[in-house]
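Heads up: the structure comes next, in structure tokens.
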Amino acid sequence: MHDVPEGHTIHKIAKDHGKLLTGHEIRVSSPQGRFSGDAERVDGAVLERIEPHGKHLFYHWSTGDIGHVHLGLFGKYKVFRGEERPEPRGAVRMRLVGELATIDLAGPTACSIDDPSERKKILARLGPDPIKPRQRRQKMFDKIQKYKRGIGDLIMDQSVVAGVGNVYRAEALFVCGIHPLRPGVDCDEAELDALWVTITGMLRQGVKDGRIITVSRSELDLPKGARIRRGEATYTYKRDHCLRCGTEIELIDIANRTSYHCPTCQPR
DNA sequence: ATACCATGAACAG
DNA sequence: TGTTCCTGGTATC
């Protein structure tokens, strides 16, 4: 099994890597040689901040340049602490070497050094990120209520709300009892407010856990302190039967991605 | 050894 | 709407 990142992963990375790198001069290189922009532009600069938004990361450098990383389906970081600095393994797109750690990035969809206007452009096309404080949930509501497209399609659209992927889509709609094909225009404020609150809670919990657990322990019948295993951490996602009522989970293809829902708990 | 699949998203037409 | 790109674990021959 394989963890492809949703918003929670990105925020955790920003936090963890930020502790190791920010405030330090960083050697920046591209062992693979495919760093679009130019690693040299920021090589040796001080990393001032790693800013997450949805599934995107922005690296603020003391030169004024801004690094942009999007992991996509396959992107992965490897962290080596302290002095350990192994030969790059595989296609390392970006290597960051600081006093406290060496961090390698492989397989990202995007990795570039740009000027600040590029960050502005990207942020302008992203919806609010519920993990962050003071985000305007109304932006998400307005957008959803504008479209006939299904809510399951809409909440995975990063311009509607930033950070939700296929797992959180399935799980948030389940908890709110909303069918994924429910047209956006038919959703009322109360429903959308509940959805926002649910998504926010789930994503923030994911940052803490470092993984996606959307079930509440009380519904699992687990011994106290037992670890929630993969495969039992969700209500509908990748399950054969609904965790809550046992009904067979239905699969629908929404924009070429499998959507999971319980026809009993999420009636049309 | 090869095929296939995955939790993403840009792009062509 | 379909195609493409990036990786790596697992299934299949």
Side-chain angles (χ1 to χ4, degrees), chain A residues 1-13 30-37 52-58 68-79 88-95 103-112 114 118-119 121-127 129-131 147-150 152-175 180 198-199 202-207 209-215 228-240 249 251-261:
Chain A
M1 195 35 97
H2 150 124
D3 290 319
V4 177
E6 299 193 24
H8 69 299
T9 316
I10 301 313
H11 279 257
K12 183 152 171 41
I13 286 167
S30 181
Q32 178 204 33
R34 286 191 45 205
F35 199 142
S36 38
H53 190 99
K55 299 170 184 169
H56 296 255
L57 287 166
F58 299 102
H68 173 228
V69 169
H70 191 291
L71 294 179
L73 226 50
F74 311 120
K76 266 201 175 54
Y77 284 101
K78 283 201 187 97
V79 177
R89 289 181 71 84
V92 174
R93 184 81 53 90
M94 173 173 74
R95 166 166 279 196
I103 296 180
D104 286 348
L105 168 65
T109 289
C111 176
S112 58
D114 315 293
E118 183 63 18
R119 167 181 168 276
K121 243 164 71 185
I122 293 163
L123 287 178
R125 66 171 158 77
L126 291 174
D129 176 347
I131 298 180
Y147 295 104
K148 287 189 202 132
R149 289 155 64 201
D153 188 355
L154 288 163
I155 61 171
M156 258 184 66
D157 181 333
Q158 299 300 299
S159 70
V160 172
V161 54
V164 175
N166 207 14
V167 186
Y168 284 122
R169 157 172 78 181
E171 296 295 295
L173 290 176
F174 172 84
V175 166
T198 301
I199 288 171
M202 283 183 172
L203 282 165
R204 289 183 183 176
Q205 189 61 44
V207 179
D209 294 336
R211 56 189 285 232
I212 300 178
I213 302 172
T214 57
V215 297
I228 295 176
R229 290 189 307 268
R230 209 199 280 277
E232 63 185 8
T234 56
Y235 289 105
T236 65
Y237 177 75
K238 282 236 173 127
R239 295 189 81 101
D240 295 333
I249 295 301
L251 312 183
I252 324 173
D253 197 83
I254 299 180
N256 282 325
R257 304 220 101 75
T258 307
S259 167
Y260 303 78
H261 73 277

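All chains are named by letter (A, B, ...) in the order of the sequence lines, taking the proteins before the strands, and each is independently numbered beginning at 1.
Distances shown here put a side-chain N or O of Y237(A) below 4.0 Å from the OP1 or OP2 atom of dT7(B). For the OP1/OP2 pair of dG8(B) and a distance below 4.0 Å, the side-chain nitrogens and oxygens of K55(A) include at least one atom meeting the criterion. At dT7(B), none of the side-chain N or O atoms of R169(A) fall inside 4.0 Å of OP1 or OP2 (strictly under the cut-off). For H70(A), a side-chain nitrogen or oxygen approaches OP1 or OP2 of dA9(B) to under 4.0 Å.
With hydrogens and angles disregarded, a donor-acceptor distance shorter than 3.5 Å links the side chain of R239(A) to the backbone of T234(A). The main-chain N or O of I131(A) is found under 3.5 Å from a side-chain atom of R204(A) such that the two form a donor-acceptor pair. Listed for the K76(A) side chain is no donor-acceptor partner under 3.5 Å among the backbone atoms of V4(A). R169(A) places a side-chain N or O within 3.5 Å of a backbone atom of G152(A) that can act as its donor or acceptor partner.
Following rounding to the nearest Å, I199(A) (CD1) and dT7(B) (P) show an atom-to-atom distance of 18 Å. The distance between atom NZ of K76(A) and atom C1' of dG9(C), rounded to the nearest whole Å, is 9 Å. Whole-Å rounding puts the R93(A) CZ to dG8(C) P distance at 12 Å. Rounded to whole Å, the distance from OH on Y77(A) to C1' on dG8(C) is 18 Å. When the P atom of dT7(B) is taken as reference, atom CZ of F74(A) falls 10 Å away, rounded to whole Å. Whole-Å rounding puts the R257(A) CZ to dT4(C) C1' distance at 13 Å. Straight-line distance from the CZ atom of R89(A) to the P atom of dG8(C): 10 Å, rounded to whole Å. Straight-line distance from the CG atom of L105(A) to the C1' atom of dT7(C): 12 Å, rounded to whole Å.
The aromatic rings of Y237(A) and Y260(A) lie perpendicular to each other, with more than 60° between the two planes, well past the 30° mark.
Straight-line distance between the C1' atoms of dA9(B) and dG9(C): roughly 22 Å, to the nearest whole Å. One P atom belongs to dC13(C), the other to dC5(B), and the distance between them is 13 Å to the nearest Å. A distance of about 22 Å separates the C1' atoms of dT7(B) and dT1(C), rounded to the whole Å.
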For nucleotides 10-13 of chain B, print each protein N/O atom paired with a nucleotide N/O atom at under 3.5 Å, atom names and distance only.
unit_1: dA10(B); atom_1: OP1; unit_2: R125(A); atom_2: NH1; d: 3.3

Give me, pair by pair, the N or O atoms of the protein and of nucleotides 1-3 of chain C that are less than 3.5 Å apart, along with how far apart they are.
none

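Contacts of residues 152-167 of chain A with DNA chain B (heavy atom under 4.0 Å): M156(A), Q158(A), G165(A), N166(A), V167(A).
Minimum heavy-atom separation, E6(A) to G165(A): OE1-N, 2.7 Å. The two residues E171(A) and Y235(A) have their closest heavy-atom pair at OE1-N, 2.6 Å.
Residue A91(A) is classed as a sugar-phosphate contact, given heavy-atom separations below 4.0 Å to backbone atoms only.
Note that OG1 of T109(A) and CG of L71(A) are 8.0 Å apart. Values are rounded to the nearest 0.5 Å. For the atom pair R149(A) CZ and D157(A) CG, the distance stands at 5.0 Å (nearest 0.5 Å).
Of the residues listed (Q158(A), R119(A), H70(A)), the one engaging H56(A) in a side-chain contact (heavy atoms from CB on, under 4.5 Å) is H70(A), and it is the only one.
Within the 4.5 Å cutoff, the side chain of I122(A) has no heavy atoms near those of the H53(A) side chain. Taking the side chain as every heavy atom from C-beta outward, I13(A) and L57(A) approach each other to under 4.5 Å.
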